[in-house]
Amino acid sequence: MTESSGTGIRILDDETINQIAAGEVVERPASIVKELVENAVDAGATRITVEISSTGKEVVRIRIIDDGSGIRSSEVPLAFFPHATSKIRTTEDLNSCLTLGFRGEALASIAAIAYVTLVTRHRDEDAGLRYIISGGEVLEQGEIGSPPGTTLTIEEIFFTTPARRKFLKSISTELGRIAEVIEIFSLLYPEITFRYLLNGQEKMASYGATSLGEVLRKLRPDDAVHLIPVSFQAGGVSITGYLSHPSYSKKTSQRMMFAVNGRFITSSRLMNAVRAGYRTLLPSGTYPVSVLLLTLDPDKVDANIHPTKREIRFSDEQTVLKVIHEAVRETLQQADLSHPGQSTERIVGLHTTDLNPEPVNEIRYPAPLSRSQQVCEATLAGYRATTRQLRQTRLLLDTDADLPPSRFPPLTYVGQVAATYLVASNEGGDLVLIDQHAAHERVRYDQLKRDQAARTLSQELIVPVVLTLTQSEAHHLSDIKEDLEEEGFLLEPFGKDSWCVRGVPVVLGRCEDPEAVREIISAALSGREEAGIREGVSRLVACRGAVKAGVILSPEQGEEIISQLSLTSEPFTCPHGRPTIVSFSRGRLEELFKRR
Ligand code: ADP
Ligand code: MG
């Protein structure tokens, strides 16, 4: 027998135990964020702000500010004690535990590996407490003025465990994980306002949301348009959330998210159940985007199998998997899958660089008209009115000598849908949709800009329009009178707080509609147009005289709009910045039809 070279078995000192435990709970900066945000949520916070400071190489400071309950001064030292928690008392409570934390490990672990400054004030106490603890040692404590709530600042992260520091991934990976953690919490708790600041700059904010759907639209607008809502209940499990349209799948499972009783979890078995629910709808080797929130009896869930609580155990997992599978299948079966989300269609793949389109998901598609309605609407009078509108713009464009070189591809007109969109195709076989109103609005706007003289020319109204205003509006109108007159409006005061519009710009066309005049003046008065009064008036004048949505066009008229649009300087957006053209590349069509 040789003598043991070691020093024999001994019980580790507390500091070492905490550092080992810390390794399990706080692997990386993102896990610190997760633990602290969890605590803030448990404390009933309505606003949680995460501030990260980083150098190009590492995260140097994490600060979490919450407006939750705060911690009683007398209990602060206890909070940093390992296995000290206010959330459960015995193992029995573990089963029905609904708070996110319960192991009492996070604060002790973090204090073991970093420099921690806590400022907290319990809502029942008058003064706050500042408490500094580092490497498990209390360095400072004292009263401090503070609003109710808790602010934790974590610095010198992993300074006691330099080896762990080495294992951290690149700074961008670490920051990515932090953003992911905050995003997950924002989705799980729509009612809480989360803000994320990186080096003083706001990166994410979820304020004002009332539902998961709303947060999704805010935080992940690209995904949101492809998501189908899920609401399903069976076998004691209720599932709500969203699933992506089968055409919107990803190469990785990263965008599949699950929460059980408000706790985010990862589980490959749950993922597989979702994918199985898609059956053949999902191309093999791909993953849907999903956010599924499961609620079930807390007794049937055991979250205490892993320190980070990211894994959980179900007492009857088979049932849970079956319900998920069923929920996905039913949801997809009942959904109208013929409309893939709208944002994969890039807005004009032709010259996108200088475009600044509004998100496509905000475009509203009016309900299509029935055939008989269409016939009724296409009356001769309507036809003539449109021809007149188009003739007006054509004439003026033709007189313009130096047209900019056209960036516009030659298009072949195919038809019109919903009395609103022109359908065309280009030489490459791409499908091109044009919003007839937005397009003509652009044409009219360019015309106004090019023809300064026509723009300021007035025509007298046969019946002047009287504007009855509030005192402050009337006052304001005398301030902007000159601007309006330069745009071709003729205005006169008309008794107390009233003005009379005697003339309007010639380019407004046959203006028999007093409402149009009121609308333009009131928009100018409200200062809604950020671009200035004259610019705002030009845009509105362009809009009012343009061919409207909902007007049936003859093929010649449709072609005319396209040809006029092709001569404008910025054919791809209307003067308000909305897209005029949306194109579906041929490749995209092939993808949609699974031809490749
Ligand atoms: P756990 O969350 O598992 O209970 P922690 O170590 O994360 O353990 O926190 C210990 C205790 O400190 C919590 O039980 C709670 O009472 C208190 N605490 C921590 N953070 C906050 C906070 N932001 N607001 C109020 N109380 C907090
Ligand atoms: Mg906790």
Side-chain angles (χ1 to χ4, degrees), residues 14 17-27 30-51 62-91 93-114 116-125 128-133 136 138 141 144 146-154 181-182 184-185 188-189 192-195 261-264 298 302-310 312:
D14 280 352
I17 292 174
N18 284 344
Q19 286 185 10
I20 294 172
E24 295 178 39
V25 187
V26 291
E27 300 160 316
S31 17
I32 298 181
V33 173
K34 171 186 171 276
E35 291 295 333
L36 299 184
V37 171
E38 246 178 38
N39 283 345
V41 171
D42 282 346
T46 62
R47 308 179 66 85
I48 300 175
T49 302
V50 180
E51 294 177 5
I62 296 172
R63 176 174 287 157
I64 316 270
I65 306 159
D66 73 57
D67 65 351
S69 63
I71 310 175
R72 290 181 190 280
S73 300
S74 58
E75 291 183 351
V76 167
L78 212 54
F80 285 98
F81 215 74
H83 308 294
T85 176
S86 56
K87 298 167 192 173
I88 56 166
R89 288 180 199 284
T90 67
T91 47
D93 295 347
L94 256 182
N95 292 336
S96 51
C97 174
L98 280 175
T99 51
L100 296 171
F102 53 78
R103 298 171 65 109
E105 278 174 334
L107 289 186
S109 303
I110 295 166
I113 53 97
V116 178
T117 308
L118 165 78
V119 172
T120 186
R121 192 186 122 202
H122 192 270
R123 43 171 85 110
D124 297 342
E125 295 183 351
L129 180 76
R130 192 165 103 113
Y131 194 85
I132 299 180
I133 179 166
V138 181
Q141 55 180 316
I144 191 173
S146 145
T150 303
T151 298
L152 268 154
T153 308
I154 317 296
V181 166
I182 299 165
I184 286 169
F185 276 106
L188 288 183
Y189 298 94
I192 298 178
T193 294
F194 287 94
R195 284 183 75 215
N261 293 343
R263 180 175 283 130
F264 172 73
D302 181 3
N304 191 31
I305 61 168
H306 190 264
T308 65
K309 300 173 240 114
R310 277 222 169 178
I312 59 166

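Numbers here are sequence positions counted from 1. Order of listing sets the numbers, starting from 1, for every ligand and every atom in it.
Contacts of Leu129 classified as side-chain contact (heavy atoms from CB on, under 4.5 Å), with partners at least two apart in sequence or in another chain: Ser73, Val76, Tyr131. Every residue meeting the side-chain contact (heavy atoms from CB on, under 4.5 Å) condition with Ser69, not counting sequence neighbours, appears here in chain and number order: Ala43, Arg123.
Closest heavy-atom approach to atom 17 (C) of ligand 1 within the set Ile71, Asp42, Ile65: this belongs to Ile71.
The CD1 atom of Ile64 sits 9.5 Å away from atom CG of Asn39, with the distance rounded to the nearest 0.5 Å.
Shortest non-hydrogen contact noted between Leu36 and Ile110 is CD2-CD1, 3.8 Å.
Counting heavy atoms closer than 4.0 Å to ligand 1, residue Ala43 contributes side-chain atoms (C-beta onward) but none from N, CA, C or O.
Under the 4.0 angstrom criterion for non-hydrogen atoms, Gly68 is not in contact with ligand 1.
Any N or O atom pair closer than 3.5 Å counts here, and Leu107 shares at least one such pair with ligand 1. Residue Asp66 places at least one N or O, backbone or side chain, under 3.5 Å from an N or O of ligand 1. Between Leu152 and ligand 1, not a single N/O pair is under 3.5 Å apart.
The ligand atoms of ligand 1 that sit less than 4.0 angstrom from a heavy atom of Thr150 are 22 (C), 23 (N), 24 (N). Heavy-atom proximity to Gly70, at under 4.0 Å, picks out these atoms of ligand 1: 25 (C). Interface of Ala79 with ligand 1, defined as ligand atoms under 4.0 Å from a residue heavy atom, comprises 10 (C), 12 (O).
Within the 4.5 Å cutoff, the side chain of Ile133 has no heavy atoms near those of the Gln141 side chain.
No donor-acceptor distance shorter than 3.5 angstrom exists from the side chain of Asp67 to the backbone of Gly149, with no hydrogens or angles considered.
Between Ile65 and the options Leu152, Thr49, Val50, a side-chain contact (heavy atoms from CB on, under 4.5 Å) holds for only Thr49.
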